[in-house]
Amino acid sequence: MSSEPTISSKWTRPDDFIKLERLKQKKKQLAARVKNNNNTKKYLELDENDKSKLWETKLAQKRKNPFAKATDAAKKIKINAEDEENGTPKAESATTASSLLCFVEETPTRPPPAKLVLQKFDPIAFAKLLKQSNALAEEEDDMALAAQQKHTKHLPMDWCLKTRVRFFCPTELPSIQLKTSQMASGLTSFVRCIDTQQTEETTLDISDATRFNQCTYYWQHPHMPWVTLYPRNAKENVAQKLGERERKALSEEWNFSFRGLFQLLRARQCPYFYLCANTFTVLFRAAGVGGRAESHALVTPSTRGMRLALSQEGIEYSLPLKLNVDADEEERREKAEVDDQEKHFDNDDDEEWLENLGVDEHELRRIQSSHARKVQATEMRDDFSDNSIIFMEGVECQGFFSYLLNSKSLISQVGRLAGIPPTLLSPIAFPKATMQHLVPSSKKVRLDGVDYFSIDIKGLLLPTFLPSVFDILRETREMFSCTLASSNNTFAFTKATQKLMESTLPPEKPDEMDKSNGEAVFNQQNLSECGLLPAVVKSICRSGSQAVGLLERVCYQRDQGFAWS
């Protein structure tokens with residue numbers, strides 16, 4: 001019995017165990033405090049010159065996070081400010097704020113950074129800073145642009161195919177959000193070639209929006225929605241896998257369409273149309289258009305092979321942009337040299353000539369082939385450039401039509417558009433054609449502190465689109481402007497037309513000018529049923545020094561006319 005109390009005294013109760021743990025924690029906390037006090041004393045007693053010990057002591061101390069933000073104090077200060085607004089006495093809020101700041105502000109506050117103020121633009125100081133070089137350069141550029149800008153009472157014709165146009169006007173432009181009646185009237189007017197301004201007692205809508213919508217249509221063949229047929233080298237086009245049956249059907253349809261369109265041109269029921277192949281583009285124009293008395297065709301760019309094929313077919317042509325005198329003299333010299341060598345070979349005996357020169361027959365053939373290559377390189381120098389444009393008129397134009405109709409190389413057999421015929425584009429309906437529509441977008445822009453209304457159109461724009469739209473805008477708008485983007489492959493059409501007009505332009509005398517105006521009126525009368533508006537027919541039949549021009553930007557003011565560059 002005496003052993004039981006001794007055994008039970010060795011066991012510790014839970015309450016006693018908890019007390020012991022609490023006591024241990026208090027001892028640890030006390031030891032930590034004593035240690036911190038000792039470290040602080042050591043730090044104060046250290047010699048200032050002993051930088052190494054000072055650095056070790058600093059590292060031993062616990063650093064405070066310099067990026068910590070006392071958000072609780074800021075919130076309390078904000079709450080006190082709100083209480084003050086609600087009626088709390090300022091003394092209490094100030095006391096509370098000061099009591100909080102004494103705990104929060106452990107570091108001295110810094111003054112707020114100064115605000116950046118943008119000074120007004122001073123052109124004089126800026127010019128002085130750059131030593132007035134930029135200012136003088138800008139003035140010279142402005143003067144050069146002003147000298148290049150031309151002013152005319154009428155809008156010149158640009159026979160390039162446009163890819164984009166943007167109109168600007170300080171007043172509101174025709175709406176592109178059409179009502180049902182406006183869309184129906186514009187479509188009917190385009191298909192039936194109706195001039196709503198000249199037609200009396202018509203039930204069609206004659207608003208500007210309807211007439212603008214009428215100008216956004218054109219005709220095309222063939223049409224494949226999944227293929228971009230202009231430009232034909234578009235990156236989104238993929239190789240087409242067409243069978244023999246499909247290729248034959250497309251070729252037959254295209255031949256019928258091309259025949260019908262050319263017959264409309266010869267009858268002056270179609271003023272012009274484009275044929276866009278993979279490697280070249282053809283512009284056919286009716287008699288009276290561009291100041292020419294007969295139907296004619298322009299081809300750009302051309303190659304030596306195409307020109308050689310036309311010569312073999314007996315089709316005569318001219319190169320209107322190849323008027324460089326130096327190049328012509330060089331060609332004459334080379335031809336004269338070739339003729340002299342041919343005469344030399346004909347007159348002299350081959351054996352005597354070889355003996356005199358001391359060369360063998362193999363060396364002679366090499367010399368002849370080298371000279372032939374030089375002549376060929378001279379003929380190919382302008383290939384695929386604007387200077388290679390070909391012009392044909394009258395009977396030669398008819399022969400060129402037959403040549404294209406029977407040409408087997410017109411439709412490519414390989415590539416992305418293998419088996420797909422060239423694209424035919426016309427402002428007038430023709431057999432097998434599909435009607436296409438340009439989709440405009442409108443917005444309001446601000447330029448130099450002035451608000452402008454803008455209409456942007458992307459797509460294929462025929463040459464008669466711009467005169468048609470300008471004829472609508474100039475009736476009710478005092479001023480407007482537009483910027484255009486052209487297809488680089490069709491610049492030569494406008495340049496060649498200018499050259500052809502300059503070559504046939506008579507001296508500027510009153511009697512001859514009246515005669516030329518009489519011819520223009522006669523041509524307009526012959527094309528009165530071609531399906532275009534009278535103002536547009538007048539533009540395409542106009543001849544003179546300012547009748548044709550490359551247009552990139554056009555401005556109109558009612559009191560001054562057109563300014564274009």
Side-chain angles (χ1 to χ4, degrees), residues 149-165 167 215 218 265 268 270-274 281-298 300 320-321 386 389 391 393 425-428 460-474 481-505 516-517 519-528 530-556 561-565:
Q149 196 175 49
K150 304 175 183 179
H151 298 267
T152 55
K153 295 182 179 179
H154 58 270
L155 180 66
M157 277 297 300
D158 190 355
W159 291 100
C160 300
L161 288 173
K162 306 296 181 181
T163 58
R164 184 174 181 178
V165 63
F167 297 95
C215 301
Y218 65 95
L265 185 84
R268 299 184 180 181
C270 176
Y272 68 92
F273 70 90
Y274 288 85
T281 306
V282 186
L283 170 59
F284 288 93
R285 294 192 296 205
V289 179
R292 310 305 299 184
E294 296 180 304
S295 57
H296 53 282
L298 295 163
T300 182
L321 294 183
D386 291 347
I389 188 170
F391 173 72
E393 189 175 17
L425 304 170
S426 171
I428 304 301
L460 179 61
L461 303 172
L462 295 178
T464 50
F465 169 80
L466 200 61
S468 302
V469 175
F470 273 38
D471 186 54
I472 298 171
L473 298 179
R474 65 190 298 184
S481 65
C482 77
T483 55
L484 304 117
S486 305
S487 176
N488 297 334
N489 297 330
T490 59
F491 280 145
F493 291 139
T494 303
K495 296 179 182 178
T497 305
Q498 286 178 325
K499 286 290 184 180
L500 293 171
M501 283 189 177
E502 291 175 1
S503 62
T504 59
L505 190 64
S516 63
N517 293 335
E519 292 178 356
V521 173
F522 180 74
N523 294 331
Q524 295 174 33
Q525 187 62 30
N526 290 336
L527 292 168
S528 59
C530 69
L532 299 180
L533 300 176
V536 180
V537 175
K538 184 178 180 180
S539 297
I540 63 177
C541 294
R542 185 180 288 111
S543 60
S545 59
Q546 301 294 338
V548 180
L550 290 170
L551 303 179
E552 294 182 356
R553 189 173 187 273
V554 182
C555 300
Y556 172 79
F562 292 95
W564 53 277
S565 60

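Side chain of Thr483 to main chain of Arg553: no donor-acceptor pair is present (N/O by atom type, distance under 3.5 Å, no hydrogens or angles). A donor-acceptor pair is defined here as one N or O able to donate and one able to accept, closer than 3.5 Å; no such pair exists between the side chain of Asp471 and the backbone of Ala535. Not a single donor-acceptor pair under 3.5 Å links the side chain of Thr494 to the backbone N or O of Leu550. A donor-acceptor pair under 3.5 Å links the side-chain atoms of His154 to the main chain of Gln546, judged by distance alone.
In this structure, a donor-acceptor pair under 3.5 Å is present between the side chains of Arg285 and Thr497. Trp564 and Thr152 are linked by a side-chain donor-acceptor pair at a separation below 3.5 angstrom, with hydrogens and angles left out of the test.
Separation of atoms CD1 (Ile540) and CG (Leu527) is listed at 6.0 Å; rounding is to 0.5 Å. One finds the CG atom of Leu155 at 8.5 Å from the CZ atom of Arg474 (value rounded to the nearest 0.5 Å). Summarising the geometry, atom CG belonging to Asn489 is positioned 9.5 Å from atom CG belonging to Leu161; distances are rounded to the nearest 0.5 Å. Going from atom SG of Cys160 over to atom CG of Leu462 covers 12.5 Å, rounded to the nearest 0.5 Å. Atom CG of residue Asp158 and atom OG of residue Ser539 lie 12.5 Å apart, to the nearest 0.5 angstrom. Note that the OG1 atom of Thr490 and the NZ atom of Lys495 stand 10.5 Å from one another [nearest 0.5 Å].
Nearest heavy atoms, Gln524 versus Cys541: CG-CB, 3.9 Å. Of all heavy-atom pairs between Ala287 and Arg268, the closest is CB-NH2, 3.3 Å. Across all their heavy atoms, Leu298 and Ala496 have their closest contact at CD2-CB, 4.4 Å. Residues Met157 and Pro467 come closest through the heavy atom pair SD-CG, 3.7 Å. Leu551 and Lys162 make their closest contact through O-NZ, 3.0 Å (heavy atoms, listed as atom of the first residue, atom of the second, distance).
Using a 4.5 Å cut-off on side-chain heavy atoms (C-beta onward), Val536 and Ser468 make contact. Side-chain atoms of Ile428 and Pro271, non-hydrogen and from C-beta on, do get closer than 4.5 Å to each other. Between Val554 and Leu484 there is a side-chain heavy-atom pair separated by less than 4.5 Å. Proximity of Tyr218 to Pro427: side-chain heavy atoms (C-beta onward) are nowhere separated by under 4.5 Å. Residues Pro534 and Val537 fail the side-chain proximity criterion, which asks for heavy atoms closer than 4.5 Å. In this structure, the side chains of Ile389 and Phe493 come closer than 4.5 Å at one or more pairs of heavy atoms. Considering only heavy atoms from C-beta on, Pro463 comes within 4.5 Å of Tyr272 through its side chain. Using a 4.5 Å heavy-atom threshold, the side chains of Trp159 and Val289 count as touching.
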Next item on the list: Could you go through the side-chain contact (heavy atoms from CB on, under 4.5 Å) check for Cys270 and Ser426 one step at a time?
Entry: CA-CA 8 Å; Cys270 176; Ser426 171; 3.6 Å; yes

Note to self: What verdict does the side-chain contact (heavy atoms from CB on, under 4.5 Å) test give for Leu460 and Leu425, after you've listed the backbone C-alpha separation in whole Å, the side-chain angles of each residue and the deciding distance to 0.1 Å?
What the structure shows: CA-CA 9 Å; Leu460 179 61; Leu425 304 170; 3.1 Å; yes

Check: Does the side-chain contact (heavy atoms from CB on, under 4.5 Å) test come out yes or no for Glu393 and Arg292, once each step is laid out?
Finding: CA-CA 9 Å; Glu393 189 175 17; Arg292 310 305 299 184; 3.0 Å; yes

Next item on the list: Verify side-chain contact (heavy atoms from CB on, under 4.5 Å) between Phe470 and Phe465, making sure each step is shown before the conclusion.
Entry: CA-CA 9 Å; Phe470 273 38; Phe465 169 80; over 6 Å; no

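Applying the ring-ring contact (aromatic ring centres under 6.0 Å, His included) rule to Phe273 yields the partners Phe284; only residues at least two apart in sequence or on another chain are considered. Remark: Phe391 pairs with His296 by the ring-ring contact (aromatic ring centres under 6.0 Å, His included) rule, at least two apart or across chains.
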